[in-house]
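Notes to accompany the following structure.
The chain is numbered in sequence order, starting from 1. As the structure is a prediction and not an experimental result, all values here were calculated from the model. Remember, it's 1-based here, ligands and their atoms both numbered in the order they're listed.
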Amino acid sequence: METYQNFIGGEWVAAQSGKTFETLNPADTREKVAQYPHSGGEDAKAAVAAAKAAFPGWAAMTPVARGRVLSKASQLIESRKPELAKLLTREEGKTLAEATGEVQRTADIFRFFGGISYTLGGQTIPHDLPNNLLYTKREPLGVVALITPWNFPIAIPAWKLAPALVSGNAVVIKPASQAPAMTCEIAKVLAEAGLPKGVLNVVMGDGRAVGGELATNPDVVALSFTGSYKIGHQIYQQLAPRQARAQMEMGGKNPTIVLDDADLDLAAKLVAIAGFGLTGQACTATSRVIVDKKVAAAFTEKLIEKAKAIKVGNGLSDGVTMGPAVNEQEFKGNLDYVDIALKEGAKLVYGGKQLKDGDLAHGYFMEPTIVGGVTPNMRIAKEEVFGPVIAIIEVDGFDQALEVANGVDVGLSASIVTRDIKKAMLYTDRIQVGVIKVNQISTGLALQAPFGGVKQSSTDSFKEQGTVAIDFYTRIKTVYLDYSA
Ligand code: NAD
């Protein structure tokens, strides 16, 4: 079992209370993966103070010098890819292939923002008068807090940390308690890459106590959160009174529309990857398939074949294509949602049960699940099920498909499978989401492109990822300079 401490002011320290907690392997809960400090508000306070002290020195460095640290970190992460991926799988449960991809993504994110350092600047703007210079410059904000979820335990901390740090901010991060190891590993790597002490601080522990302190501490000037709507919405309210900058990225209920002209083999393949891949534990996972009733039966048959081909098991084992749910609570929640749907009149098309034969008995495994006969007002059609459960809703034509797709409170990602370019383009115009894919999976993002939701999926004032990620972590100052006299 690994042992991690909080990382505060460049030192690895225990929680002030001395308390600890452990993570278990969700594929085999007999295995303890790591032990962490069970921190409280006082530890978060100390981390904010350390960040505040380190901020001026880091902010005074040039972006290029800061970028060098990130680029070095990228190399170190890449060189440790196999070891990090294995630890990620043991703690969070996704397959080794999925974990390896996520670690590579993290190395790429640090390389991307290391490169961005060369272009971090402002804009010159023509002035009304001659011999006047009018320009903008970008400045870091100060102490920025990051609160992250468990489902991409290395990529999400990275896609917040890299733009925050290259912009010159000092950071306190609180990773989710289900899978904090990867954030600690990033901290180790950044320290080795030359990040000055106190610029990055990591505090593990109770969400309410640690996260609550970060949300209310007057020295935290901006907070970027990814997680559930319930918590994100609450933190947003805590930031508002002091006008701290807020970026809340939350859940989705992502639709894939399958039109009657679609290539149904392609549609089944895309839906299976986007719905069952990563055990359905992606914020962009397809959880609603809105299919034209003319092709619903044929599509469903093909999707069942895809589900049957999935091998559920320990993500470290050869041939396994779907791992467990991250913990008992998520696992039970997934199974409960299937029961609720059936009670509301939906019908079980495939799966729906716990898998507990042999080695699976010690993990949180369930079958990839397809629920048919779903109507838009059922809970399974409206609420996020963070697991391998796909709801099929039959509709009559494109207009109804669009109406159903937009008929939820959230709007993160969406996909459409069709050969009709006009309908595809109308969908991209009219669907209320942040990311729309045509003939592609609803999951999977290019790190160089903006990402974020709309409606209740996001506070939607700043995007993450891509070059625009810098906007959240910097403020623009406008300079007027008259050299006419
Ligand atoms: P969560 O909201 O339960 O937890 C997120 C983080 O908030 C964790 O670090 C947690 O410890 C912390 N937290 C808990 N209570 C808190 C409090 N009272 N104050 C401050 N912080 C607190 O979410 P989760 O279960 O870790 O993640 C799953 C959710 O994240 C899903 O809804 C998923 O859709 C969403 N998600 C969204 C995106 C996106 O980019 N939009 C990406 C990944 C996951």
Within the heavy-atom cut-off of under 4.0 Å, ligand 1 is lined by Ile147, Thr148, Pro149, Trp150, Asn151, Ile156, Lys174, Pro175, Ala176, Gly207, Arg208, Gly211, Gly212, Phe225, Thr226, Gly227, Ser228, Ile231, Gln234, Ile235, Glu249, Met250, Gly251, Cys283, Glu384, Phe386, Leu412, Phe451
- Query: Thr279 side chain to Gly323 main-chain N or O, any donor-acceptor pair under 3.5 Å?
  - Reply: yes
The side-chain contact (heavy atoms from CB on, under 4.5 Å) partners of Ser39 (sequence neighbours excluded) come to Asn6, Ala15, Pro37, Asp43, Val203, Val210
Closest heavy-atom pair, Pro255 versus Tyr427, reported as atoms and distance to 0.1 Å, is CG-OH, 3.9 Å
Contacts of Tyr229 meeting side chain to side chain donor-acceptor pair (under 3.5 Å) (sequence neighbours excluded), chain-then-number -> His233
Residue pairs meeting salt bridge (Lys or Arg N to Asp or Glu O under 4.0 Å), one or both in residues 170-185, sequence neighbours left out, come to Glu185-Lys188
Asn201 side chain vs Val171 backbone, donor-acceptor pair below 3.5 Å = yes
